[in-house]
Amino acid sequence: MPELPEVETVRRGLAPVMEGRRILSLEVRRPDLRFPFPEGFAARLAGCRIAALDRRAKYLLMRLEGREGQGPQAVILHLGMSGSFRIETGAAAQEAARSPGAFHHPRAKAAAHDHVVFHMEGGMRVTYNDPRRFGFMVMADAADPFSHPLLAGLGIEPLGNELAPERLAQVFAGRSVSLKAALLDQKRIAGLGNIYVCEALWRAGLAPDAPASVLADAAGRPTAGAARLAEAIRSVLTEAVAAGGSTLRDHIQADGSLGYFQHTFAVYDREGAPCPRCGAPVERMVQNGRSTFFCAACQRPAPARGKKRRP
DNA sequence: CGGCATACCTGCAAGC
DNA sequence: TGCTTGCAGGTATGCC
């Protein structure tokens with residue numbers, strides 16, 4: 001599930017259970033996810049208090065306060081394609097959970113692909129589940145976690161003040177790569193994935209296969225399209241976060257609730273359905289090996305896509 | 001460096 | 001029904 005809105009939804013779901021609380025112990029049930037777990041991972045986290053749970057792009061950043069004789073640490077987490085967290089009340093919290101309105105997750109049994117379990121102070125269990133194991137957890141320098149190689153090269157944070165037409169023009173000026181591929185490149189703008197790139201380009205009325213250079217004029221100033229795109233990215237992400245993200249393929253949020261932004265998709269996974277703006281059928285094409293959904297009527301300029309033209 | 005394909009891994013739906 | 005195929009929200013890597 002995880003593009004920026006889904007990761008932010010996860011962060012908000014986990015924060016009340018994890019921030020300010022101590023990790024009593026950590027169960028790590030396999031040696032690796034996408035990458036091997038760091039040396040002594042479980043032992044290094046056990047006993048630490050989680051000072052903060054932050055997000056950068058699609059990454060979660062867990063800041064830990066050290067135990068006696070051990071300095072502060074930070075953990076970088078990524079959900080990959082299929083990672084999710086689930087919060088459960090442990091035995092110690094069962095009693096409290098019976099009170100009306102108390103937090104309680106409907107699922108309580110261990111499931112397949114539960115790879116990591118955080119046993120939290122207060123009795124909550126936070127379980128990381130990831131069937132495809134494209135996610136990962138690595139440790140970073142607590143003093144400067146953003147200098148970690150995974151985070152150092154990330155581009156514009158789209159929910160921050162940085163997202164402006166001028167910055168888009170600056171980052172994409174002169175690029176021949178398609179808008180679709182450019183927006184998926186986390187080194188330029190970070191946090192968008194296949195869904196929200198498709199949706200943002202539709203909102204902005206920009207063709208996915210137009211070169212990224214259309215966002216800047218010859219002098220490097222932002223075009224009207226850049227202005228529309230900046231607003232489109234901001235609006236689609238903000239609305240998606242407010243909706244609790246998008247829930248696809250049975251993924252659920254950490255608190256057991258479902259995101260509902262998927263009901264708002266204009267084009268993503270809607271091939272053949274009418275474009276909400278003009279009614280033309282939504283089309284699908286493959287770019288860089290991934291599906292792009294778009295409205296050929298609304299999204300211009302659209303260079304020829306290799307279709308044969310009659311003379 | 002830019003641009004593209006491939007690899008990683010499992011589950012699911014569609015097609016035969 | 002059962003098998004095969006293709007596709008899925010991600011990033012890293014290696015090749016031209």
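A note on names: the letters A, B, ... follow the listed sequences, proteins ahead of strands, and every chain is numbered from 1. Just so it is clear, the model here is predicted, and its values are computed rather than measured.
Spacing between atom NZ of A:K187 and atom C1' of B:dC4 amounts to 13 Å, rounded to whole angstrom units. Atom CG of A:L33 is separated from atom C1' of B:dC9 by 11 Å (rounded to the nearest Å). Across the protein-nucleic acid pair, A:R34 atom CZ and B:dT10 atom P stand 14 Å apart, rounded to whole Å. At whole-Å resolution of the value, CG in A:L184 and C1' in B:dG2 are 16 Å apart. Rounded to a whole Å, the CG atom of A:D185 is 12 Å from the P atom of B:dC4. Distance CE (A:M81) to P (C:dC7): 13 Å, rounded to an integer number of Å. To the nearest angstrom, P of B:dC9 lies 19 Å from CG of A:L79. Rounded to an integer number of Å, the gap from A:L248 CG to B:dG11 C1' is 14 Å.
Using modelled atom types, one finds a donor on one side chain and an acceptor on the other under 3.5 Å when comparing A:S246 with A:Y196.
Partner assigned to C:dT13 is B:dA5, using Watson-Crick or G-U wobble distances below 3.5 angstrom.
At B:dG2, none of the side-chain N or O atoms of A:S176 fall inside 4.0 Å of OP1 or OP2 (strictly under the cut-off). The side chain of A:K58 contributes an N or O atom lying less than 4.0 Å from OP1 or OP2 of C:dT11. Of the side-chain N and O atoms in A:R290, none sit less than 4.0 angstrom from OP1 or OP2 of C:dC7. In terms of phosphate contacts, A:R133 brings a side-chain nitrogen or oxygen within less than 4.0 Å of OP1 or OP2 of B:dT10. Phosphate contact (OP1/OP2 of C:dG9, side-chain N/O of A:Y268, threshold under 4.0 Å): present. Within the structure, every side-chain polar atom (N or O) of A:S82 is placed at least 4.0 Å from both OP1 and OP2 of C:dA8. Side-chain nitrogen and oxygen atoms of A:Q186 include none within less than 4.0 Å of the OP1 or OP2 phosphate oxygen of C:dG10. Put simply, A:H113 has a side-chain N or O that comes within less than 4.0 Å of OP1 or OP2 on B:dG11.
When the nearest nucleotides of DNA chain C are assigned to A:R132 and A:L150 by heavy-atom distance, the more 5′-ward of the two goes with A:R132.
Without hydrogens or angle criteria, A:Q287 side chain to A:P208 main chain gives a donor-acceptor distance under 3.5 Å.
Across all strands, A:G289 comes closer than 4.0 Å to no nucleic acid atom at all (heavy-atom distances).
Residue ring and nucleobase are not stacked for A:F134 and B:dC9 under a centre distance beneath 5.5 angstrom and an angle between planes beneath 30°.
Only the P atoms considered, C:dC7 is 14 Å distant from B:dA5, to the nearest whole Å.
Candidate nucleotides B:dC4, C:dG10, B:dG11 were compared by shortest atom distance to the side chain of A:E3, and C:dG10 ranks first.
Here the straight-line distance linking atom SG of A:C298 with atom CG of A:L201 works out to 13.0 Å at 0.5 Å rounding. Of the inter-residue distances, the one linking A:M285 atom CE with A:K180 atom NZ reads 7.5 Å to the nearest 0.5 angstrom.
Between A:D114 and A:R86 there is a salt bridge, with a side-chain nitrogen of the basic residue lying less than 4.0 Å from a carboxylate oxygen of the acidic one. Taking the charged nitrogens against the carboxylate oxygens, A:E121 and A:R21 have no contact shorter than 4.0 Å, which rules out a salt bridge.
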